[in-house]
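Notes follow the structure.
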Amino acid sequence: MSRNDHLLTVEDLQKSYGDELVLDGIDFTMDAQDVQVLIGPSGSGKSTLLRCVNRLTEFEGGTISLDGEDVMAMDVNELRRQVGMVFQDFNLFAHLSARENVALGPRRVLGKSKAEANDRALDELERVGLADQADSYPAELSGGQKQRVGIARALAMDPKLMLFDEPTSALDPELIGEVLGVMRELADEGMTMLCVTHEMGFARQVATDIMFLEDGRLVEHGDPERLFTDPRHERTEQFLRRLTELHGGGSES
Amino acid sequence: MSAERERRHADLERGLTYAIGGAIWLWLCFRWLNSWLGGVVVGPTEPLVPQSFATATESLGATLGAVGDGVPLVATGFDLVGWAVGMVGFASQYGPQLAVAAWLTVVLTVISTLVGLVVAVPLAAARVYGRVTKYVAFVYIELIRGTPLVAQLFLLYYGAPFLSKFIREVPGVGQGIVPAQAVWIAIIGFVINSSAYQAEYIRGSVESVDPGQLTAARAVGLDKLGGIRYVVLPQALRYAIPSWTNELVYLIKYSSLAMFITVPEIFTQADSIGSETFAYTNAYVLAAGFYLVLVVTASYGMSKVEAEVAIPGVGSSDAGR
């Protein structure tokens, strides 16, 4: 099958830190508008996999292609322009207001004028429901608001693909819903998303596909209903059962 | 009730501080202007108050100092009072000379810290993010911090005569308000020295910026330099202000080392007043007063800057909002 058919193709991805193999032959593809959820125990390589896609982490073997283009052959900054990323710890720029956080990319990377970048930032903040907090600084925002700014910041670059690295893990339970709400809207609008998350309610309702990763290997993947009702591997079943026990099958609903 | 009184007390204190500080700075600026214009009002180092005032306070001081002679403690007390009164006369007479010299101290310090800062920022960035430049910055910083400032000044002034020669030939040097070549060499020395210290302060604050923010900047598509420029440094430089103020305050006083290469700044002038009058203690105390005024002004100004650029919601003070 040609790579050109998919938005994202990951083939035989290998990554190790020293002697330790963190990713061991990962293969999967994503089409435009897919929402791929990545689950697995901590240390299984989920975040590393995400970071390989936008080359925040360099990998040793295999290929990743975005829209048919080998990411290793792309200019790294150009690649990152096309791939938005949302972090567990938000990583907002502490000295900039919400608006300035979102406008920095359009202004300094896309070379837009200050006014254009500002307008764009306000649009994106509006999209995540934070138009009224545009002039607040990160330290003045709640965790949920920070993460929504983080999402707006990534969206302002018009990414083809959004990577979410446990976007709700650092949030108080009552703030998780607002972030998942924004993510669901994005999915509805047709954004292609690769998410590391253990929010099973979100995964069940929004994901087109769920992948279970353990010890750097892709143990199982499939559409949410199948995976939840009829997992083929015992480990998948155990892991899902534990998650469901913990989160009651979907903390947001 | 008591809160009201406390507030009034604070107001009074602030008012007094501004009045005294304002008066001193008004006088300093007057002396500088007068000196630049070649002494249009009075001679550049001539006092405003008549010589007779100084003579009168000095003899009053001597009289007070003689009171209670022979009685322990009382004699010492009056000695001190007498000295303080005499000091007023001394200050009125020699203050103008030191005021003119204080201008050089200001020039030395301000130019050196600012240019030092410009050199220090890339040094600090290299120290944290550089691969090869990291070692270059490290060697520079350790070499400069590890050797005495006086030795560095001597090396530049006496050990590198071509430098003096070169600077002397730059048009304008030593004319009008442009200082002479020794001052420029002192500035070069202070810039080299101060940049090494400032680089270490800034390195500390660069390292205190959460690295995740640089990752986020990279993830948006900024290159490393852009991330450092737009995300890390704006924060690091803010966090460096308190220690940077420390460096500024140090340099105000360390600039007295320029005396060793003939720069007529405050300390040089105090020394020559001392040898002229043999009142060394008075001359040095007066010089110390000038340094104190400069230092207090500098730290006050920097605390204003710090409050001005504070990031809302960050830090212990609510100065930002």
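Chain letters run A, B, ... following the sequence lines, proteins first and then strands; every chain starts at 1. Excluded from the calculations below are hydrogen atoms, water molecules and symmetry mates; all remaining heavy atoms, backbone and side chain alike, are included. What you see is a predicted model; the values in this text were computed from it and never measured.
- Atom CD of Glu126(A) is surrounded by 12 or fewer heavy atoms from other residues, nucleotides or ligands within 6.0 Å.
- There is no contact between Leu79(A) and chain B, counting heavy-atom distances below 4.5 Å.
- Within 6.0 Å of OH on Tyr250(B) lie no more than 12 heavy atoms contributed by other residues, nucleotides or ligands.
- Contacts between residues 213-242 of chain B and chain A, defined by a heavy-atom separation under 4.5 Å, are made by Gln213(B), Thr215(B), Ala216(B), Ala217(B), Arg218(B), Ala219(B), Val220(B), Gly221(B), Leu222(B), Asp223(B), Tyr230(B), Val231(B), Pro234(B), Gln235(B), Arg238(B).
- Heavy-atom distances place the side chain of Arg51(A), and not its backbone, under 4.5 Å from chain B.
- Only the side chain of Phe87(A) has a heavy atom closer than 4.5 Å to any heavy atom of chain B.
- Neither the backbone nor the side chain of Val86(A) comes within contact range of chain B; no heavy atoms are under 4.5 Å apart.
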For residues 165-178 of chain A, which side-chain donor-acceptor pairs fall under 3.5 Å, sequence neighbours excluded?
{"residue": "Asp165(A)", "atom": "OD1", "partner": "Ser47(A)", "partner atom": "OG", "Å": "2.8"}
{"residue": "Asp165(A)", "atom": "OD2", "partner": "Ser47(A)", "partner atom": "OG", "Å": "3.2"}
{"residue": "Glu166(A)", "atom": "OE1", "partner": "Ser169(A)", "partner atom": "OG", "Å": "2.6"}
{"residue": "Glu178(A)", "atom": "OE2", "partner": "Gln145(A)", "partner atom": "N", "Å": "3.4"}
{"residue": "Glu178(A)", "atom": "OE2", "partner": "Arg148(A)", "partner atom": "NE", "Å": "3.1"}
{"residue": "Glu178(A)", "atom": "OE2", "partner": "Arg148(A)", "partner atom": "NH2", "Å": "2.8"}

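- In terms of heavy-atom pairs under 4.5 angstrom with chain B, the leader among Ala139(A), Gly105(A), Ser97(A), Ala94(A) is Ala94(A).
- When heavy atoms are compared at a cutoff of 4.5 Å, Asp89(A) does not approach chain B at all.
- At most 12 non-hydrogen atoms from other residues, nucleotides or ligands lie less than 6.0 angstrom from OH of Tyr254(B).
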